[in-house]
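Here's the structure, in structure tokens; my notes come after.
We name chains A, B, ... by the order of the sequence lines, and we start the count at 1 in each one.
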Protein chains: 2
Amino acid sequence: MLKNAEFVDKLRSSGLRPTKQRLKICEVLFNREKTFHFTINDLAKNISNQLNEKISLATVYNTVHAFKDKGYLKEISINSDKSYFDTNITNHHHFFDEDTNQLIDCNNEDIEEVRVKKNITEKKIKSVEVLIKVASDNQNQN
Amino acid sequence: MLKNAEFVDKLRSSGLRPTKQRLKICEVLFNREKTFHFTINDLAKNISNQLNEKISLATVYNTVHAFKDKGYLKEISINSDKSYFDTNITNHHHFFDEDTNQLIDCNNEDIEEVRVKKNITEKKIKSVEVLIKVASDNQNQN
DNA sequence: AGTCTACATTATAATTATTCTAAACTGTTG
DNA sequence: CAACAGTTTAGAATAATTATAATGTAGACT
């Protein structure tokens with residue numbers, strides 16, 4: 001349960017101005033016990049519900065991307081028309097339920113560490129993440 | 001190098017009518033030596049370039065999704081505003097170059113088999129895929 | 001073969017997701 | 001407390017995707 005002043009510091013220290021829009025978004029995103037996944041649209045809705053003011057969708061986009069660039073959020077890869085974000089910024093894997101479109105965090109104990117034997121590229125590996133898709137048996141693959 | 005008639009059979013046998021739009025798309029997608037990745041937009045452009053006729057973008061969407069449902073294409077997960085598709089339908093992993101936005105297929109020998117110790121869900125695992133993000137050293141993560 | 005019917009397919013129009021950019025704001029500096 | 005130089009916001013524009021009305025197609029029955 002962080003206080004407003006802490007968000008101000010956090011933002012300032014990473015070179016982002018603590019505007020009122022950003023602070024509201026911080027509250028909605030980080031004033032929680034558990035990490036969670038969301039869509040830009042989810043977030044925009046939460047904001048206009050939980051707080052009375054409404055923030056332009058474009059601003060929500062800007063802010064989420066700024067937070068992502070600063071490492072406060074992670075973008076998640078699933079086959080979808082929408083981008084998902086995650087407030088859990090540790091390196092971790094996901095289950096994705098194709099029936100319900102639900103995305104579930106995976107404890108690192110649930111999957112054995114992935115061993116990359118050969119890096120095809122010349123570049124540095126930034127992350128290695130596994131996505132496990134599940135569905136009821138009668139569903140077709142992918 | 002499949003012939004038109006073979007595409008007709010393939011489509012019929014999976015319950016899709018071999019319309020001229022679909023046959024043209026088959027040609028562009030499957031008349032090749034190597035598998036490849038593409039965006040709906042890439043594909044639509046290729047079609048209007050390689051062939052003289054133009055197919056409505058919506059039809060390209062419909063067809064690609066139909067092919068995916070039938071298992072002739074796979075949708076690929078990367079952080080992007082667009083959906084990527086793959087004509088390589090085997091279960092395989094990917095490197096994603098964040099500098100160039102290039103997606104590279106990974107030989108199964110390059111990564112040790114991923115072992116899921118515990119399926120959190122009650123449902124059947126449909127696929128397990130790894131995405132390795134790479135970038136030049138100075139890039140920021142994600 | 002020709003017409004009818006039921007369903008599949010196409011592609012325009014509508015919707016939804018994302019980005020561009022002009023206007024508003026902030027934080028210095030004189 | 002102006003004037004300037006970035007930032008940030010948010011309305012307007014663009015891009016991606018889907019819904020649906022119009023069209024096409026394959027049998028069934030003449």
With a 3.5 Å distance limit and no angle check, can you tell me whether T19(B) reaches the backbone of R22(B) through a side-chain donor-acceptor pair?
yes

inquiry  = What I want to find out is whether E129(B) reaches K74(B) closely enough, with some N-O distance under 4.0 Å, to be called a salt bridge.
reply    = yes

Problem set entry | Test side chain to side chain contact (heavy atoms under 4.5 Å, CB included) applied to F96(A) and H94(A), step by step | CA-CA 6 Å; F96(A) 182 64; H94(A) 289 102; 5.9 Å; no

5' to 3', nucleotides 9-21 of chain D under a 4.0 Å protein heavy-atom cut-off (B base, S sugar-phosphate only, - none) gives BBB----SBBB--

From NZ of K68(A) across to C1' of dT19(C) the rounded distance in Å is 14 Å

To the nearest 0.5 Å, atom CG of L131(A) lies from atom CD1 of I78(A) at 7.5 Å

Sorted by position of nearest nucleotide on DNA chain D, 5' first, the leading residue of L16(A) and R12(B) is L16(A)

To the nearest angstrom, the CG-C1' distance between L23(B) and dG24(D) comes to 15 Å

Note: K68(B) and F85(B) closest approach over all heavy atoms is CD-CE2, 4.0 Å

Given the options D86(B), N88(B), L29(B), F36(B) meets side-chain contact (heavy atoms from CB on, under 4.5 Å) only with L29(B)

D42(A) CG to dT16(C) P, in whole Å, measures 15 Å

